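None of the values given here were measured: they were computed from a predicted structure. Proteins come first, then strands; the chains are lettered A, B, ... in the order of their sequence lines, and each starts at number 1.
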Amino acid sequence: MPELPEVEVVRAGLARHVVGRAIAAVEVLHPRPVRREPGGPAGFVAALVGRTVTDARRRGKYLWLPLDSGDAILGHLGMSGQMLVQPVGAADERHLRVRFSLVEPALSVVEPALSLLEPAPSVVEPAPSVVELVETTPLELRFVDQRMFGGLSVSVGGAELPAEIAHIARDPLDPQFDDAAFVRRVRRRSSAIKRQLLDQTLVSGVGNIYADEALWRARLHGERPGDRLTGAQVTELLGHCREVMLEALGQGGTSFDALYVNVNGQSGYFDRSLNAYGQEGRPCARCGTAIRRISFMNRSSYFCATCQRPPRNRSVPH
DNA sequence: ATCGCGACCTGGTTGC
DNA sequence: TGCAACCAGGTCGCGA
């Protein structure tokens, strides 16, 4: 499930392979992923054809591609979304929903070396062989999404920050994230701490998996009310959110070098490094107690009942 | 205003 | 064997 680290890997891939290219054609193969588009599939296509992608940005789990028109393509991967960069002619994926045909911008055709002299600031300079492939092969950006919880839309004037996601908080890896304000807000609410971690208006990018992992590291049960936690506890928990997502990002980093931008590989993090999520019945890495699974917020929550004591003053069935 | 829940989706797995 | 129920869960919208 794409959470912040996986979405960031996708963003970096788009920054490398898509930014600077022009959109020659758009094909919407299923209407649902563009359901948020006021103009429907036709409006979506019309707003994009002929535009050039100027950047690849992210806030929380949302991605957007600013365009030379001042608009942006706003996207969310949902549960199963992928952004794939494929050569023209590659077989269609089973759940291909939207296809963008990308052409080289005129500048690169005339002066192919320019992009080498001016790499995007936040992107590691790609290996020469990759650059050659990218700049000589016609590409497609493909939105593939089996379950279609994800979506794409055109955000009018949204190049800097789409108005549609103005309510989404900064994420913990954003240098401008306000730790003190987060701690203050959490401690003002009686809502369960896990619910607050998943509230994208408080902190973005954290999903069910990294919430469980951060709570395990902090030795906190997800049903503990926020207003019953100390400032030190919330601060430590926030640090664990950062830590666990940075570790996952590090393990997903290998796909930065691939032309094939994939989020479904789950960054390799899932196979080895999870201490709580999905570990029902396995011994806790700290104390050996079997990890338990409970239903919370109509989701699964995994925790160690020894290290993460459930709150006492609540009528929680067990 | 805040809070919490159901709906939206598909396909793999489980249960009868 | 066949079919129904269940499960995965991010986000939105609605009702309390």
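Regarding contacts with the backbone of C/dC12, a side-chain N or O of A/Tyr62 is found under 4.0 angstrom from either OP1 or OP2. The shortest distance between the side-chain N/O atoms of A/His76 and the OP1/OP2 oxygens of C/dT11 is below 4.0 Å. Phosphate proximity of B/dA7 to A/Arg147: absent, as no side-chain N or O sits under 4.0 Å from OP1 or OP2. At C/dC7, none of the side-chain N or O atoms of A/Ser300 fall inside 4.0 Å of OP1 or OP2 (strictly under the cut-off). OP1 or OP2 of B/dT10 has not a single side-chain nitrogen or oxygen of A/Arg94 nearer than 4.0 Å. Distances shorter than 4.0 Å separate none of the side-chain N or O atoms of A/Gln200 from OP1 or OP2 on C/dG10. OP1 or OP2 of C/dA8 lies within a sub-4.0 Å distance of a side-chain N or O belonging to A/Arg293. OP1 or OP2 of C/dC12 lies within a sub-4.0 Å distance of a side-chain N or O belonging to A/His167. Taking 4.0 angstrom as the limit, A/Ser191 places a side-chain polar atom (N or O) nearer than this to OP1 or OP2 of B/dG4.
Rounded to whole Å, atom C1' of C/dT11 lies 14 Å from atom CD of A/Glu164. Look at CD on A/Glu3: it is 9 Å from P on C/dT11, rounded to the nearest Å. In this structure, A/Phe296 places its CZ atom 8 Å from P of B/dC5, rounding to the nearest Å. The nearest whole Å value for the distance from the NE2 atom in A/His95 to the C1' atom in B/dC9 is 11 Å. If you take CG of A/Asn298 and P of C/dC12, they are 18 Å apart, rounded to a whole angstrom. If you take CD of A/Gln146 and P of B/dC9, they are 14 Å apart, rounded to a whole angstrom. Between A/Arg36 atom CZ and B/dA7 atom C1' the separation is 12 Å, expressed in whole Å. For the pair A/Leu77 CG and C/dA8 C1', the computed distance is 16 Å after rounding to whole Å.
Side-chain polar atoms of A/Ser101 and A/Glu140 form no donor-acceptor pair below 3.5 angstrom.
Residue A/Met148 is in sugar-phosphate contact alone, with no base atom involved, counting any heavy-atom pair closer than 4.0 Å across all strands shown. Note on A/Arg188: nothing from the nucleic acid sits closer than 4.0 angstrom, heavy atoms only.
Taking five base pairs at each end of the helix from B/dT2-C/dA16 to B/dC16-C/dG2, the local helix axes there meet at an angle of 60°, rounded to 10°.
From A/Arg228, atom CZ reaches atom CD of A/Glu223 across 13.5 Å, with rounding to the nearest 0.5 Å. Taken to the nearest 0.5 Å, the CZ atom of A/Arg217 stands 11.5 Å off from the CG atom of A/Leu215.
Around CZ of A/Arg219, the count of heavy atoms belonging to other residues, nucleotides or ligands within 6.0 Å does not exceed 12. The number of heavy-atom neighbours closer than 6.0 Å to CZ of A/Arg35, taken from other residues, nucleotides and ligands shown, is above 12. Atom CZ of A/Arg309 is surrounded by 12 or fewer heavy atoms from other residues, nucleotides or ligands within 6.0 Å.
For A/Arg299 against C/dT11, a side-chain-to-base donor-acceptor contact under 3.5 Å is present.
Among the nucleotides B/dG4, B/dG11, C/dG10, the one closest to the side chain of A/Arg195 is B/dG4.
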Run the side chain to side chain contact (heavy atoms under 4.5 Å, CB included) check on A/Leu14 and A/Val19 step by step: do they pass?
CA-CA 7 Å; A/Leu14 295 173; A/Val19 169; 5.8 Å; no
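The aromatic rings of A/Phe303 and A/His221 stand perpendicular to each other, their planes meeting at an angle above 60°, with 30° marking the opposite boundary.
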